[in-house]
Protein chains: 2
Amino acid sequence: MKTLELIQKNLGSFSKSERKVAEAIIASPEVAIHSSIATLAKMAEVSEPTVNRFCRRLDTKGFPDFKLLLAQSLVIGTPYVNRNVNQDDGPEAYNAKIFESTIASLDSAKNMLDTATIKRAVDVLTRADKIAFFGLGASSAVAHDALNKFIRFNIPVSCFDDIVMQKMSCINSRKGDVIVLISHTGRTKALVEVAQLARENNAFVIALTPNHSPLAEKSDLVLSASAPEDTDIYMPMASRIVQMVIIDVLATGFTLRRGPKFIEHLKRIKTGIKDSRFDKVDLNED
Amino acid sequence: MKTLELIQKNLGSFSKSERKVAEAIIASPEVAIHSSIATLAKMAEVSEPTVNRFCRRLDTKGFPDFKLLLAQSLVIGTPYVNRNVNQDDGPEAYNAKIFESTIASLDSAKNMLDTATIKRAVDVLTRADKIAFFGLGASSAVAHDALNKFIRFNIPVSCFDDIVMQKMSCINSRKGDVIVLISHTGRTKALVEVAQLARENNAFVIALTPNHSPLAEKSDLVLSASAPEDTDIYMPMASRIVQMVIIDVLATGFTLRRGPKFIEHLKRIKTGIKDSRFDKVDLNED
DNA sequence: ATTGTCATGTCATTTTATTACAAATCAAAG
DNA sequence: CTTTGATTTGTAATAAAATGACATGACAAT
């Protein structure tokens, strides 16, 4: 809650002198944050300890702490809007627009994602005998990224961006296996068939794809990553970013589920890698 | 400009001790804003006046004034959150944290990126006879993504994530060719050698890597994508996202530079793809 | 009126920030 | 290599700010 609003709201519960302080702050918060306790006390026509007491009443450690809090609450968060790039945009403009629209997509995805579904996905993944990540076209980059993350967990993981290999892999799958399908559109026929095949072989199918899409219908669990974007000219890039972040969330959930001992194990792996940084190629981390 | 990024950017212009202060602040800004000048001086292992001088160098009235500014700059849209995931975080918590820290990285990268450098990079790319994207390990996903984008522009593009292929490709390069190297650390010896090789053959080298890193030194042009992050346990994921967005910015700049007729051409390609969506695999867009 | 409680202010103390100056470091010129 | 001058850095003194302890005063309940 914004500090100023909090003060406003609690005006009634303050004592006479404290209210004076509150009013002085509300009147000119910008001045208040740059004033010393003495200055502010003079402005509010109260004593210095009164100001201090006022600060503590608002659950802060003291006056300096309060100033910090107030200063932060005065910042107006830049609303990130999705803006389209125009032909006559210069580098400053399109750079800002692309970054901001990506940020907006992430923010929206953050709020849209259902944490209960995430939890279920993590449950399924931690119990999996074998995990496979499949994507086609641009989504294959996401699948590779996923492989890169999960391969560290020392469980059988695979990743194919070739439809034939995907199908073959599905035919060989069985109960306990998890297939993660990644598709921006959720309408690619080949991938829908892959999902079908996987389920026929009792594998569990998780899809990173828009809700209600054909692919979603064929999956056991859907992590909807739909990021509405201008697909007219430019590429469906934000959705890929969102997908990668979702993968990261799953990997993190996986790590946490494995518990502290597992994290220690990861730390050791990492330290091992660090030591050899200058001697050989680090394929995990570059 | 966000204070933290300002500090990051001016790291080079500080004196030895001042840099220590800067690094201490960057390492834990939220601790810094709640510390006294004495505490911070101890953390940075410098004297108190040095901290004060550092603050003044950043155009503030003194330490308290600086703290206020820093505190405000730590606010991003949504109130600033603790970026680190803890063992006892539930799905809601780690989901939010991961998304928010990624957003914070993007926001910071947006402001750190030098648009003049972007412009130059786009210049070079549009004039290139041949473009190659190279990355190792996790960064190879970014290189693939770049290939995916640039291949549409109907110019010779390639992408290798194998060090031998990369070197062979460099040996065969010549003036007019552009090599884009992607590295989170900028310290991978093999990639530095690749840069060296490319330059020996008169190719132009663009690096997506932290400033002042060994790889950066060997490159003609550096797009610094350093995203400070907790690399202790979890993976350098945000930096990869940032790299992908930078690639997107370059691709967009490329498109715009080619002019309206080129955009028309892209639109037609896209329409062509749409018509066949349900019949065959769309390798470009899924 | 009297007593107890709470709010407030005064003054002393402690903590924090700043200034002035001296020592140390470093680079350029002899 | 020295020497010189400039710059950086730290030490110690000083000033400013915040907090704490305590006393006074206001007000309500008896």
Side-chain angles (χ1 to χ4, degrees), chain A residues 3 6-74, chain B residues 3 6-7 9-74 212:
Chain A
T3 311
L6 192 82
I7 297 173
Q8 187 81 260
K9 200 169 152 188
N10 291 37
L11 258 185
S13 74
F14 294 135
S15 72
K16 204 162 42 175
S17 301
E18 281 172 347
R19 181 167 314 142
K20 282 198 219 164
V21 179
E23 276 159 4
I25 291 169
I26 289 169
S28 45
E30 290 288 344
V31 176
I33 59 170
H34 289 104
S35 309
S36 72
I37 197 167
T39 317
L40 185 58
K42 205 168 285 173
M43 286 200 299
E45 298 181 299
V46 298
S47 71
E48 298 174 25
T50 299
V51 176
N52 200 282
R53 284 188 279 259
F54 169 84
C55 297
R56 292 217 228 269
R57 196 165 298 274
L58 278 110
D59 281 320
T60 63
K61 255 195 86 191
F63 183 67
D65 193 39
F66 167 79
K67 275 209 297 194
L68 239 39
L69 211 76
L70 179 60
Q72 294 196 316
S73 84
L74 290 179
Chain B
T3 310
L6 190 83
I7 296 172
K9 205 172 179 175
N10 290 33
L11 259 184
S13 73
F14 294 134
S15 71
K16 204 162 40 173
S17 299
E18 280 172 347
R19 167 145 49 232
K20 281 196 217 164
V21 179
E23 276 159 3
I25 292 169
I26 290 169
S28 45
E30 63 283 356
V31 174
I33 59 171
H34 288 104
S35 307
S36 73
I37 197 168
T39 316
L40 185 56
K42 205 168 284 172
M43 286 200 297
E45 298 183 299
V46 297
S47 71
E48 298 175 26
T50 300
V51 175
N52 199 282
R53 282 187 281 260
F54 169 84
C55 297
R56 292 219 228 270
R57 195 167 297 275
L58 276 105
D59 283 319
T60 64
K61 257 194 82 193
F63 182 68
D65 192 38
F66 167 79
K67 275 206 299 193
L68 237 42
L69 212 76
L70 180 60
Q72 294 194 315
S73 86
L74 291 180
H212 311 301

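Residue numbers begin at 1 in each chain, while the letters A, B, ... track the order of the sequences.
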Would you list the protein and nucleotides 19-27 of chain D atom pairs, both N or O, that sit under 3.5 Å from each other?
residue, atom, partner, partner atom, Å
D:dT19, OP2, A:Asn52, ND2, 2.0
D:dT19, OP2, A:Phe63, N, 3.0
D:dT19, O5', A:Asn52, ND2, 3.1
D:dG20, OP2, A:Arg56, NH2, 2.0

Just checking A:Val51: base, sugar-phosphate only, or nothing, at a heavy-atom cut-off of under 4.0 Å?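 Touches nothing.
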Quick check on DNA chain C: between A:Lys20 and B:Lys67, whose nearest nucleotide comes earlier from the 5' end?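 It is A:Lys20, whose closest nucleotide lies nearer the 5' terminus.
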Could you tell me the separation between the CD1 atom of A:Ile37 and the CZ atom of A:Phe54, rounded to the nearest 0.5 Å?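 Answer for the CD1-CZ pair, A:Ile37 versus A:Phe54, is 11.5 Å.
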Taking only residues at least two apart or on different chains, which pairs with a member in residues 57-71 of chain B satisfy side chain to side chain donor-acceptor pair (under 3.5 Å)?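 For residues 57-71 of chain B: B:Glu18-B:Arg57.
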Pairs flagged by side chain to side chain donor-acceptor pair (under 3.5 Å) wherever residues 32-44 of chain A is involved - sequence neighbours left out: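 The answer is A:Ser36-A:Thr39.
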Applying side chain to side chain contact (heavy atoms under 4.5 Å, CB included) to A:Asn52 and A:Arg56, what does each step give before you reach the verdict? CA-CA 6 Å; A:Asn52 200 282; A:Arg56 292 217 228 269; 3.3 Å; yes
Please set out all donor-acceptor pairs under 3.5 angstrom arising from side-chain atoms of residues 43-51 of chain B, sequence neighbours excluded.
residue, atom, partner, partner atom, Å
B:Ser47, OG, B:Thr50, OG1, 3.0

Can you name the residues that form a ring pair (Phe, Tyr, Trp, His ring centres under 6.0 Å) with B:Phe63, not counting sequence neighbours?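 So B:Phe63 forms no ring pair (Phe, Tyr, Trp, His ring centres under 6.0 Å) with any residue.
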Tell me every residue that passes side chain to side chain contact (heavy atoms under 4.5 Å, CB included) with A:Pro29, counting only those two or more places apart in sequence or in another chain.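 So A:Pro29 forms a side chain to side chain contact (heavy atoms under 4.5 Å, CB included) with A:Leu4, A:Leu74.
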Between B:Leu70 and B:Ile25, what is the shortest heavy-atom contact and its length?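 Taking every non-hydrogen atom into account, CD2-CG2, 3.7 Å.
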Mind checking which nucleotides bracket the chain B contacts on DNA chain C, 5' to 3', with an atom under 4.0 Å from a heavy atom?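 Contacts span C:dT16 to C:dC26, reading 5' to 3'.
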